[in-house]
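Here it is, the structure in full.
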Amino acid sequence: MFSFHIRGERRFWIRMTIGSLLFTLGLLIVVPSMNASTSSNAFKRFLTATESLYDAVNKGELSKAINDLKEIEVQFRNLPMKEIATVDGIHALAQSITDMKRAIAAVKPNEEKWKSGSATLRLAADALVHPDKPIWHQYRSVLQEDLAKMRKAIPQSGTISGPAPESALLAFHQLSEHYRVIRTAAILQTEPWKVERSDSVIRYARRILHADSPTNQLLQGTIQPLQEAMDDLFPGNKETSAAFVPPLPVAPPSWGWSAMMGSFIVTILTWVGWRRYKVDEYSRIVKSPPKRDEQEDAAQRLMKRWNSKDKR
């Protein structure tokens with residue numbers, strides 16, 4: 001009877017240990033998939049809000065644009081920040097939302113800022129939802145066209161008297177605006193130093209083009225740095241394809257990690273408890289032998305049994 005009790009207890013502890021191990025393995029499989037689904041939904045809700053803002057701005061619906069911007073702020077706070085590539089990307093995204101709020105709250109509405117601001121947010125959100133084929137990659141040809149217009153507007157030879165040609169200034173303005181629209185999306189996916197370099201090249205070219213009397217050599221010298229800086233923002237170049245930053249791996253949320261560790265601790269404690277139970281049972285058997293009376297009673301019964309056989 002005692003042996004059966006021990007075997008029953010042993011089976012109980014073994015089942016508890018196996019159950020805990022299976023629970024831990026289940027968390028390792030289920031939690032990452034749940035986290036990936038939750039993160040994807042958060043990014044999609046953010047994209048939906050930016051698309052609504054973009055449509056409202058282009059239709060001139062101010063009240064709807066204000067409500068959409070409020071929704072964007074709410075969805076931005078719910079984004080899984082750990083899955084955004086860099087702190088620079090988070091900061092740029094927050095700054096774009098702030099710039100859009102200022103543009104809408106301005107006393108004199110600026111339609112160009114409204115449209116560029118809403119486009120910036122939409123492209124950034126799309127980059128988070130579709131990191132492999134984001135829309136902002138299509139701006140490569142747009143920027144190349146702007147650079148071609150600049151190159152054509154600047155005289156190849158001779159001297160320039162006075163400021164830069166108006167056509168060159170217009171082409172550079174278009175280039176700057178197009179770059180500003182994709183800047184937040186770019187910094188979410190590429191290395192921050194490339195965006196910083198593009199910022200510096202844009203500032204340098206602006207000073208040259210808006211100088212009172214720039215030389216033809218200085219004007220021509222702005223084209224090549226702009227070309228290289230814009231090209232490096234996009235994947236696919238021989239120099240940049242290997243350095244393109246892929247989407248970040250999914251990090252498990254804090255509650256999932258805590259649950260996994262908690263299950264692991266339960267498993268260890270269950271195993272330790274079972275081992276301790278075995279030691280206690282063994283110690284009790286060794287330290288507590290049957291009483292003398294019980295041994296004599298058993299001997300007497302055995303002798304009686306033998307005596308009864310002899311009498312027969």
Side-chain angles (χ1 to χ4, degrees), residues 39 42-58 62 64-131 134-139 142-143 172-207 226 229-230 232-234 245 247-248:
S39 302
F43 286 135
K44 288 180 180 178
R45 288 193 296 269
F46 183 66
L47 174 60
T48 300
T50 59
E51 289 175 340
S52 180
L53 172 66
Y54 182 80
D55 292 338
V57 167
N58 282 275
L62 178 59
K64 187 175 184 303
I66 294 175
N67 292 332
D68 289 337
L69 189 56
K70 292 179 181 179
E71 179 65 18
I72 288 175
E73 286 189 272
V74 173
Q75 297 303 329
F76 173 72
R77 296 190 186 97
N78 295 331
L79 291 179
M81 299 301 177
K82 292 182 180 180
E83 298 178 27
I84 298 179
T86 61
V87 175
D88 302 82
I90 298 174
H91 176 74
L93 190 56
Q95 187 62 46
S96 296
I97 296 175
T98 301
D99 292 342
M100 189 63 197
K101 290 175 63 177
R102 291 175 179 172
I104 290 181
V107 177
K108 295 182 179 180
N110 188 320
E111 183 179 358
E112 183 179 355
K113 289 185 177 180
W114 281 30
K115 290 185 176 181
S116 63
S118 61
T120 296
L121 291 174
R122 182 180 180 183
L123 291 176
D126 178 80
L128 294 174
V129 177
H130 306 108
I135 297 176
W136 75 272
H137 282 181
Q138 300 176 12
Y139 272 71
V142 176
L143 297 176
F172 176 74
H173 176 73
Q174 292 176 343
L175 174 69
S176 301
E177 287 301 310
H178 291 151
Y179 169 72
R180 188 160 65 92
V181 168
I182 69 170
R183 184 183 184 278
T184 301
I187 203 170
L188 285 170
Q189 290 192 300
T190 192
E191 298 178 19
W193 69 266
K194 293 182 178 180
V195 178
E196 292 296 331
R197 185 181 69 171
S198 298
D199 293 344
S200 299
V201 172
I202 290 285
R203 287 193 296 266
Y204 171 75
R206 181 178 289 109
R207 287 197 299 268
L226 284 171
M230 297 300 108
D232 282 350
L233 293 175
F234 299 90
V245 178
L248 279 186

Exercise. Do other residues, nucleotides or ligands put more than 12 heavy atoms under 6.0 Å from Gln95 CD?
Worked result: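 Result for CD/Gln95: enclosed.
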For this session: Indicate the atoms forming the closest heavy-atom contact of Leu79 with Ala42, along with that distance.
Result: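 Leu79 and Ala42 have their closest heavy atoms at CD2-O, 3.7 Å.
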Problem set entry | Non-hydrogen side-chain atoms of Trp136 and Asp126 separated by less than 4.5 Å |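 A side-chain contact under 4.5 Å is absent here.
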Exercise. Just by modelled atom types, is the Ala186 backbone N or O under 3.5 Å from a matching donor or acceptor in the Thr190 side chain?
Worked result: no
For this session: Classify the ring geometry between Phe46 and Phe76 as parallel (under 30°), tilted (30 to 60°) or perpendicular (over 60°).
Result: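 If you compare the ring of Phe46 with that of Phe76, the planes turn out tilted.
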For this session: Please report the shortest heavy-atom distance between Asp68 and Ala49, naming the atom on each side.
Result: CB-O, 4.4 Å
Exercise. So, for Pro131 and Gln189, which heavy atoms are closest and what is the spacing to 0.1 Å?
Worked result: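 Minimum heavy-atom contact is O-NE2, 2.9 Å.
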Problem set entry | Side-chain heavy atoms of Thr120 within contact of Ile182, under 4.5 Å |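 Result no, sub-4.5 Å side-chain heavy-atom pair not found.
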Exercise. Side chains of Leu62 and Trp114: does their closest heavy-atom pair fall under 4.5 Å?
Worked result: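 Leu62 vs Trp114: side chains touch.
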Exercise. Can you name the closest pair of heavy atoms from Gly89 and Ile187 and give their distance?
Worked result: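 Looking at all heavy atoms of both residues, the shortest contact is CA-CG2, 3.8 Å.
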For this session: Please list, chain by chain and in numerical order, all residues satisfying side-chain contact (heavy atoms from CB on, under 4.5 Å) with Ser118, sequence neighbours excluded.
Result: Leu53, Tyr54, Val57, Met100
For this session: I would like to know whether Arg180 and Glu177 meet side chain to side chain contact (heavy atoms under 4.5 Å, CB included); could you show each step before the answer?
Result: CA-CA 5 Å; Arg180 188 160 65 92; Glu177 287 301 310; 2.6 Å; yes
Exercise. Any idea which heavy atoms bring Tyr139 and Leu123 closest together, and the distance?
Worked result: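 Closest approach of Tyr139 to Leu123: CE1-CD1, 4.0 Å.
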Problem set entry | Test item: Leu47 and Glu51 side chains (from C-beta on) under 4.5 Å apart, heavy atoms |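 Counting from C-beta outward, Leu47 and Glu51 do come under 4.5 Å.
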Exercise. Are any of the side-chain heavy atoms of Leu188 and Ile90 separated by less than 4.5 Å?
Worked result: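 Contact flag for Leu188/Ile90 side chains = no.
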Exercise. Does a donor on one side chain and an acceptor on the other come within less than 3.5 Å for Ser96 and Thr184?
Worked result: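 Yes, side-chain donor-acceptor contact under 3.5 Å.
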Exercise. What closest approach, in Å, do Leu143 and Met230 show between heavy atoms, and which atom pair accounts for it?
Worked result: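 Taking every non-hydrogen atom into account, CD1-SD, 3.8 Å.
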For this session: Would you sort out whether Arg183 and Asp199 count as a salt bridge (Lys or Arg N to Asp or Glu O under 4.0 Å), showing the intermediate values?
Result: CA-CA 9 Å; Arg183 184 183 184 278; Asp199 293 344; 2.8 Å; yes
For this session: Please determine, by modelled atom types, if Ser200 and Arg197 share a side-chain donor-acceptor pair under 3.5 angstrom.
Result: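 There is no such pair (donor and acceptor under 3.5 Å, judged by atom type) between the side chains of Ser200 and Arg197.
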Problem set entry | Approximate separation, where rounding is to 0.5 Å, of Leu128 CG and Glu83 CD |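 Between atom CG of Leu128 and atom CD of Glu83 there are 10.0 Å.
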With a 3.5 Å cut-off and sequence neighbours excluded, list the donor-acceptor pairs that the side chains of residues 101-110 form with protein atoms.
from   : atom 1 : to     : atom 2 : distance (Å)
Lys101 : NZ     : Glu73  : OE2    : 3.2
Asn110 : OD1    : Glu112 : N      : 3.0
Asn110 : OD1    : Lys113 : N      : 3.2

For this session: Answer yes or no: is there a side-chain heavy-atom contact under 4.5 Å between Glu71 and Ser52?
Result: no
For this session: Hey, could you give me the CZ/CD1 distance between Arg77 and Ile97, rounded to the nearest 0.5 Å?
Result: 8.5 Å
Exercise. Quick one: are Tyr179 and Val195 in side-chain contact, heavy atoms under 4.5 Å?
Worked result: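 Yes - at least one pair of side-chain heavy atoms lies under 4.5 Å apart.
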Exercise. Roughly how far, to the nearest 0.5 Å, is OG of Ser176 from CZ of Arg203?
Worked result: 11.5 Å
For this session: Measure the shortest side-chain to side-chain distance between Ile202 and Arg206 over non-hydrogen atoms and say whether it is less than 4.5 angstrom.
Result: yes
Exercise. Ignoring hydrogens and geometry, is there a side-chain-to-backbone donor-acceptor pair from His91 to Val87 under 3.5 Å?
Worked result: no
Exercise. How long is the gap from NZ on Lys70 to CD1 on Ile72, to the nearest 0.5 Å?
Worked result: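 CD1 of Ile72 is found 13.0 Å from NZ of Lys70.
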